[in-house]
Amino acid sequence: MQIMTINEFANRCGYFFNAGTDPEALCAPNNGYNCNHPEQTEKQNGVGCCFQWSCPLAIPADEEDCEKYGIEYEEDEFVLVEDESGMQLPGLHESQESEDKTASGGGDNDQGTMR
């Protein structure tokens, strides 16, 4: 298992998208934190919403998990991802230089409050 922020995970996830940039989307719920995974159950107006607690590919990290990995716990901020073999997970793609520091923001961006 590895732990990462929901932002880091979204930047790697092949199912994450921003409906606001999709000309065919009727709406962009959840401030553009959207998910097109077939097992995503959280939807608004038919558009899947990316939430730490409803992700079909990750497990929400709790206080014990964060303590185990030496990270200060923040509610709804971290996920656990199975990656015991060191291989890339299905639905995830390699990130570019740490997602170019999350789109040049130098780390987590303001999207963290939108889950």
Side-chain angles (χ1 to χ4, degrees):
M1 293 290 242
Q2 64 180 20
I3 193 167
M4 63 181 68
T5 67
I6 188 66
N7 286 333
E8 291 171 317
F9 184 76
N11 283 328
R12 292 178 165 197
C13 181
Y15 295 101
F16 176 83
F17 75 105
N18 181 339
T21 63
D22 182 353
E24 295 182 24
L26 300 176
C27 65
N30 198 30
N31 296 312
Y33 255 54
N34 305 119
C35 175
N36 61 13
H37 191 282
E39 294 177 23
Q40 176 57 267
T41 58
E42 293 297 320
K43 295 182 179 184
Q44 294 177 11
N45 297 319
V47 178
C49 296
C50 175
F51 292 108
Q52 174 258 19
W53 43 266
S54 70
C55 180
L57 297 177
I59 301 166
D62 61 20
E63 291 179 63
E64 287 181 20
D65 297 319
C66 288
E67 184 176 316
K68 177 182 173 183
Y69 288 93
I71 296 172
E72 187 175 332
Y73 174 75
E74 291 181 50
E75 188 174 356
D76 298 333
E77 182 62 23
F78 296 98
V79 293
L80 294 172
V81 180
E82 274 194 57
D83 192 357
E84 295 174 0
S85 67
M87 302 204 48
Q88 209 55 37
L89 299 169
L92 299 181
H93 46 78
E94 276 301 318
S95 61
Q96 305 168 344
E97 184 77 309
S98 188
E99 289 64 61
D100 295 330
K101 291 290 185 195
T102 312
S104 301
D108 288 343
N109 56 30
D110 292 340
Q111 293 175 339
T113 60
M114 297 176 221
R115 293 172 297 284

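Nothing here was measured: the structure is a model prediction, and the numbers come from that model.
Listed for the Glu8 side chain is a donor-acceptor partner under 3.5 Å among the backbone atoms of Thr5. No donor-acceptor pair under 3.5 Å is formed between the side chain of Asn30 and the backbone N or O of Cys49. Side chain of Asn36 to backbone of Gly48: no donor-acceptor contact under 3.5 angstrom is found. With hydrogens and angles disregarded, no donor-acceptor distance shorter than 3.5 Å links the side chain of Glu42 to the backbone of Cys50.
Hydrophobic clustering, with ILVMFWY side chains joined whenever heavy atoms are under 4.5 angstrom apart, groups Leu57 together with Val81. One hydrophobic cluster, built from ILVMFWY side chains closer than 4.5 Å, holds both Ile6 and Tyr15.
Scanning all heavy atoms of the two residues, the minimum distance from Cys27 to Gln44 falls at SG-O, 4.0 Å. For Ala10 against Phe16, the heavy-atom pair with the smallest separation is O-CB, 3.5 Å. The minimum heavy-atom distance linking Arg12 with Gln2 is given by the pair NH1-NE2, 3.7 Å. In terms of heavy atoms, Val79 sits closest to Ala58 at CB-CB, 3.7 Å. Taking each heavy atom of Ala61 and Tyr73 in turn, the nearest pair found is O-CE1, 3.7 Å.
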> Between Met1 and Asp65, is a side chain to side chain contact (heavy atoms under 4.5 Å, CB included) present by the stated rule, with each step listed?
Replying inline: CA-CA 10 Å; Met1 293 290 242; Asp65 297 319; over 6 Å; no

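Distance check, rounded to the nearest 0.5 Å: NE2 of His37 to SG of Cys13 gives 7.5 Å. Taking CZ from Phe51 and CG from Asn34, the interatomic distance works out to 9.0 Å, rounded to the nearest 0.5 Å. Atom CD1 of Ile71 and atom CD of Glu63 lie 13.5 Å apart (nearest 0.5 Å).
When side chains are defined from C-beta on, Asn45 does not count as touching Pro29, because their heavy atoms never get closer than 4.5 Å.
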